[in-house]
Number of protein chains: 2
Amino acid sequence: MARRSDHTREQLKEIAILAGQELLAESGFSGFSAREVARRIGYTVGTLYHVFGNYDAIVLHINAVTLDDLEAFLSEGRGKKRQGAAAIKHLAARYEAFARRNYHRWSALFEHRLPPEMPLPAWYAEKVARIFSAVEAPLTPLVGEEKAHHAARVLWASIHGICALGLAGKLDIVGAKSIASLTDSLIDNYLAGLTDG
Amino acid sequence: MARRSDHTREQLKEIAILAGQELLAESGFSGFSAREVARRIGYTVGTLYHVFGNYDAIVLHINAVTLDDLEAFLSEGRGKKRQGAAAIKHLAARYEAFARRNYHRWSALFEHRLPPEMPLPAWYAEKVARIFSAVEAPLTPLVGEEKAHHAARVLWASIHGICALGLAGKLDIVGAKSIASLTDSLIDNYLAGLTDG
DNA sequence: ACCTGAACACCGTTCAAGT
DNA sequence: ACCTGAACACCGTTCAAGT
């Protein structure tokens with residue numbers, strides 16, 4: 001055996017990432033494995049390692065697709081031209097909806113930890129930054145550019161924390177309504193303090 | 001071999017949890033394994049399974065110790081009798097300090113996910129509830145009991161989100177000061193909105 | 001050059017069989 | 001009753017050897 005060349009290196013990457021996305025969605029991060037991805041695309045694990053280098057790189061590429069999907073999902077319905085608190089609430093609701101509908105894929109974004117010696121690739125960090133800027137944009141007219149940068153980080157990390165603990169069942173609350181009531185409270189009061197203070 | 005009875009069932013649990021804590025602190029959750037715990041206490045994996053039942057139960061018991069340590073750490077220096085925002089800021093600073101000093105053990109609290117069919121044991125949920133009540137207490141005189149319950153969840157999940165993303169390097173910020181500046185902003189403005197609004 | 005197959009050093013889980 | 005040892009079905013990673 002050997003030398004199949006059914007696919008180019010790029011095609012191989014693509015079908016592996018696609019199969020990986022499906023596996024992740026079905027089985028969650030704990031059920032995910034490079035070997036199973038290899039099986040699903042009809043290649044050996046060895047081939048996957050030739051193409052991606054290591055396990056973390058495989059996961060990183062799959063998570064990158066999730067990040068793209070998340071960004072696209074967040075920006076849907078942006079035609080409405082909401083402002084201030086309403087714009088942030090809309091983003092928070094979309095974030096929760098995405099996390100709920102794609103729980104395994106969304107979870108993997110945070111369950112996967114790179115080994116400390118392996119820094120986040122720049123192309124991945126940029127995707128994260130783009131999501132932050134979506135939160136920052138509606139804040140800028142409210143509090144100015146400098147404060148908006150800071151406030152976007154506070155709000156986004158907080159909304160993430162509420163969704164993460166809430167969906168994991170660690171907040172002593174039930175259902176979607178409760179998560180939304182927490183994020184609404186956060187956004188209303190934080191922005192009130194920020195603009196009134 | 002077989003029948004050693006060097007330890008009672010309870011002693012076995014105890015030394016296993018202790019060894020597990022150490023392993024977790026050294027190697028992190030990804031480097032943790034029941035087999036290695038067994039090796040460290042000089043018993044077989046089989047024995048560990050007889051005593052705990054399964055892998056998740058082992059992790060749960062180890063995380064419970066971390067939760068106890070966290071609660072103890074949070075309540076240190078409570079003699080100062082801080083009130084309102086100052087009390088919450090103190091808790092947030094302690095939370096971040098604990099997460100930083102015990103990163104692997106703290107991380108495992110959230111990296112470990114129970115299989116969906118296995119609900120959180122009541123004794124574990126109670127430990128989580130006790131931590132929430134520590135946040136709730138200084139809020140009650142400010143906004144009343146009912147609002148305090150809700151606000152404690154908002155604040156605690158938000159502080160957690162900021163620490164989690166911040167310590168994982170996903171907030172585009174550097175150092176302890178930055179995390180504190182985010183949690184301070186959160187607490188000041190959220191409480192301002194809550195009491196003024 | 002591309003890919004395989006096998007090896008290595010691990011996992012969680014189960015359970016017959018020893019003492 | 002208590003504990004072991006081995007088995008089973010998996011992992012990530014590496015790399016000589018085929019085509």
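In what follows, every chain begins at residue 1, and chains take the letters A, B, ... in the order their sequences are listed. Here the structure is a predicted model, which is why all the values come from computation and not from measurement.
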Legend entry - Greater than 12 external heavy atoms within 6.0 Å of B:Q83's CD: no

Inset, instruction - List in chain and number order the residues that pass side chain to side chain contact (heavy atoms under 4.5 Å, CB included) with B:T140, two or more places apart in sequence or in another chain; answer none if no residue qualifies. - result: B:E145, B:A148

Inset, instruction - Mind checking side chain to side chain contact (heavy atoms under 4.5 Å, CB included) for B:E96 and listing every partner two or more places apart, or none if nothing turns up? - result: B:R100, B:C163, B:A176, B:I179, B:A180

Inset, instruction - For B:L48 and D:dC2, give me the distance from atom CG to atom P, rounded to whole Å. - result: 16 Å

Legend entry - Ring geometry between A:W106 and A:Y95 (parallel below 30°, tilted from 30 to 60°, perpendicular above 60°): perpendicular

Legend entry - Side-chain heavy-atom pair A:K89, A:D188 within 4.5 angstrom cut-off: yes

Legend entry - Euclidean distance, atom OH of residue B:Y49 to atom P of D:dC3 [Å, nearest integer]: 17 Å

Inset, instruction - Only pairs at least two apart or in different chains count here, so list each salt bridge (Lys or Arg N to Asp or Glu O under 4.0 Å) that has a residue in residues 113-140 of chain A. - result: A:D68-A:K127, A:E71-A:R130, A:R113-B:E111, A:E136-A:R153

Inset, instruction - Please state how far atom CZ in B:F52 lies from atom P in C:dT14, giving the value in whole angstrom units. - result: 16 Å

Inset, instruction - Kindly indicate whether the side chain of A:L139, heavy atoms from C-beta on, has any atom under 4.5 Å from the side chain of A:L191. - result: yes

Legend entry - Connected via hydrophobic side-chain network under 4.5 Å: A:L70 and A:I17: no

Legend entry - For DNA chain D, the residues among residues 107-115 of chain A that have a non-hydrogen atom under 4.0 Å from it: none

Can you give each donor-acceptor pair under 3.5 Å made by side-chain atoms of residues 29-38 of chain B, sequence neighbours left out, with the distance rounded to 0.1 Å?
from: B:S33; atom 1: OG; to: B:E36; atom 2: N; distance (Å): 3.0
from: B:E36; atom 1: OE1; to: B:R39; atom 2: NH1; distance (Å): 2.6
from: B:E36; atom 1: OE2; to: B:R40; atom 2: NE; distance (Å): 3.1

Legend entry - Which residues share a side chain to side chain contact (heavy atoms under 4.5 Å, CB included) with A:D69, sequence neighbours left out: A:Q21, A:V65, A:F98, A:R105

Inset, instruction - Provide the closest heavy-atom pair for B:L167 versus B:A99 in the form atom of the first, atom of the second, distance. - result: CD1-CB, 3.6 Å

Inset, instruction - Taking the six-membered ring for Trp and the single ring otherwise, decide whether the centroids of A:H149 and A:F132 are under 6.0 Å apart. - result: no

Inset, instruction - Scan side-chain atoms only and decide if A:S158 and A:Y190 contain a donor-acceptor pair under the 3.5 Å cut-off. - result: no

Inset, instruction - Check salt bridge (Lys or Arg N to Asp or Glu O under 4.0 Å) between A:E76 and all other residues, then give those that pass, not counting sequence neighbours. - result: A:R94

Legend entry - Interatomic distance, B:H50 NE2 vs C:dG12 P [rounded to whole Å]: 16 Å

Inset, instruction - Would you name the heavy atoms of A:L91 and A:V135 that are closest together and state the gap between them? - result: CD1-CA, 3.9 Å

Legend entry - Residues in contact with DNA chain C, drawn from residues 7-28 of chain B - heavy-atom cutoff 4.0 Å: none

Inset, instruction - Rounded to the nearest angstrom, tell me the gap between atom CG in B:D6 and atom P in D:dC2. - result: 13 Å

Legend entry - Residues within residues 54-61 of chain B bordering DNA chain C, heavy-atom distance below 4.0 Å: B:N54, B:Y55

Legend entry - Paired and unpaired positions of DNA chain C as dot-bracket, Watson-Crick or G-U wobble under 3.5 Å, | denoting a partner strand: ||.|||||...|||||.||

Inset, instruction - Provide the distance between the two C1' atoms, one in D:dA16 and one in C:dC2, to the nearest whole Å. - result: 14 Å

Legend entry - Nucleic acid contacts - residues 37-47 of chain A versus DNA chain C, non-hydrogen atoms under 4.0 Å: A:Y43, A:T44, A:G46, A:T47

Determine all donor-acceptor pairs shorter than 3.5 Å in which one atom belongs to a side chain in residues 48-59 of chain B; sequence neighbours excluded.
from: B:N54; atom 1: OD1; to: B:D56; atom 2: N; distance (Å): 3.3
from: B:N54; atom 1: OD1; to: B:A57; atom 2: N; distance (Å): 2.9
from: B:D56; atom 1: OD1; to: B:H112; atom 2: NE2; distance (Å): 2.8

